[in-house]
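Being a predicted model, the structure only gives us computed values, none of them experimental.
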Amino acid sequence: MADKQAAEELERMAEVAATCTACGLSATRTNVVFGDGSARAQVMFIGEGPGRNEDLQGVPFVGAAGQLLNQLLSEIGLERSDAYIANVVKCRPPGNRDPRPDEIAACKGYLADQIRLIDPPVVMTLGNFATKLLLKEERGITRLRGRAYPWWNRIVIPTFHPAAALRGGASVLESMREDFALTRAVLDGRSEPQPEPGAGRPVEQLELFG
Ligand code: SF4
């Protein structure tokens with residue numbers, strides 16, 4: 001699919017999602033935060049859900065966490081325009097609570113469509129929710145990060161959510177830097193994914209996620 005065609009298709013998906021009422025989060029949102037970035041991104045980031053600023057502006061990762069993400073990208077020679085950023089749920093959970101299983105189930109089809117259309121070589125999952133959803137893992141992000149997982153002709157690299165680095169200090173940030181460096185190495189062909197039994201699902205099963 002040509003770049004322009006892919007961008008138009010993403011736009012069309014976003015228009016459909018903008019009026020979505022498939023879960024209860026529709027009642028309290030200001031804007032649906034569908035996603036932001038290039039339809040031909042080298043790296044796709046998947047976070048948890050929009051926060052207050054994102055809900056108000058309709059754009060993911062616009063606050064301090066977004067600035068940190070931009071900084072980490074620039075440290076590996078990428079701009080935000082080289083990436084695509086989305087969340088597991090597209091509407092803000094009230095008070096920034098965790099998204100509930102029924103909300104994730106209602107929303108995951110949008111994420112599946114985004115991954116399938118953008119087809120990025122590397123997906124970086126930010127935090128527990130996105131990582132567990134894609135890799136079908138019970139282990140937490142602290143155990144799963146630091147590795148590149150083969151995932152249906154692409155690579156999943158889990159790392160902490162930038163908000164955790166803002167709260168957690170230097171050691172979390174240093175781990176994120178290692179994970180971003182791993183992304184750079186995979187993009188450059190300097191690092192191979194490390195297969196692990198049970199981790200990863202074919203993209204065809206994304207509609208179900210398990
Ligand atoms: Fe629809 Fe997802 Fe928003 Fe729920 S969170 S209303 S499924 S767009």
Side-chain angles (χ1 to χ4, degrees), residues 1 3 6-7 9-11 13-14 33-50 54 59-88 90 108 110-135 137 141 144-166 172-194 199-203 206:
M1 188 182 288
D3 291 6
E9 181 64 16
L10 263 184
E11 188 88 4
M13 287 180 194
V33 184
F34 185 71
D36 182 46
S38 168
R40 282 290 169 260
Q42 296 181 62
V43 185
M44 181 170 174
F45 293 96
I46 305 174
E48 182 177 314
E54 287 79 14
V59 180
F61 288 88
V62 290
Q67 287 175 9
L68 178 56
L69 192 62
N70 295 348
Q71 179 193 324
L72 290 166
L73 271 171
S74 75
E75 288 176 8
I76 60 166
L78 295 174
E79 302 292 329
R80 184 140 166 167
S81 57
D82 298 315
Y84 189 88
I85 304 173
N87 282 305
V88 168
K90 313 301 189 200
K108 64 190 178 186
Y110 292 122
L111 184 61
D113 287 344
Q114 287 171 310
I115 296 170
R116 189 180 295 104
L117 180 69
I118 297 165
D119 196 20
V122 174
V123 176
M124 289 195 80
T125 50
L126 304 173
N128 274 318
F129 282 90
T131 302
K132 289 182 176 183
L133 185 64
L134 264 65
L135 295 184
E137 274 280 349
I141 186 65
L144 292 170
R145 62 149 295 274
R147 298 174 61 129
Y149 298 84
W151 195 73
W152 196 253
N153 294 333
R154 58 182 65 78
I155 307 298
V156 169
I157 298 178
T159 193
F160 291 107
H161 194 285
L166 294 173
V172 177
L173 183 57
E174 196 47 45
S175 295
M176 291 190 76
R177 284 204 164 97
E178 291 171 9
D179 298 334
F180 274 69
L182 179 56
T183 289
R184 180 77 266 172
V186 167
L187 289 173
D188 292 345
R190 289 183 284 113
S191 180
E192 292 290 322
Q194 300 146 40
R201 285 287 174 99
V203 73
L206 276 171

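Between Ile118 and Met44, the closest heavy-atom pair is CD1-SD, 4.2 Å. Summarising the geometry of Tyr84 relative to Gly35, their closest heavy-atom pair is OH-CA, 3.4 Å, with the distance given to 0.1 Å. Nearest heavy-atom pair, Pro120 versus Val43, reported as atom, atom and distance to 0.1 Å: CB-C, 4.4 Å. Across all their heavy atoms, Ala148 and Ile155 have their closest contact at CB-CG2, 3.6 Å.
Within the 3.5 Å criterion, the main-chain N or O of Asn128 finds no donor-acceptor partner in the side chain of Thr131. Looking at Asp113, its side chain never comes within 3.5 Å of a backbone N or O of Tyr110 through a donor-acceptor pair. Within the 3.5 Å criterion, the main-chain N or O of Pro121 finds no donor-acceptor partner in the side chain of Gln42. Judged purely by atom type and a 3.5 angstrom limit, Tyr149 uses its side chain to pair as donor or acceptor with the backbone of Leu144.
Remark: Glu75 does not engage Arg184 in a salt bridge, criterion side-chain N to carboxylate O under 4.0 Å.
Applying the salt bridge (Lys or Arg N to Asp or Glu O under 4.0 Å) definition to pairs two or more places apart or across chains, those involving residues 33-46 are Asp3-Arg40, Asp36-Arg80.
Of the inter-residue distances, the one linking Gln114 atom CD with Lys90 atom NZ reads 3.5 Å to the nearest 0.5 angstrom. Note that CZ of Phe129 and CD1 of Ile141 are 12.0 Å apart. Values are rounded to the nearest 0.5 Å. Taken to the nearest 0.5 Å, the CG atom of Leu69 stands 9.0 Å off from the NE2 atom of His161.
Aromatic ring orientation, Phe45 versus Phe180: parallel (interplanar angle below 30°, classes split at 30° and 60°).
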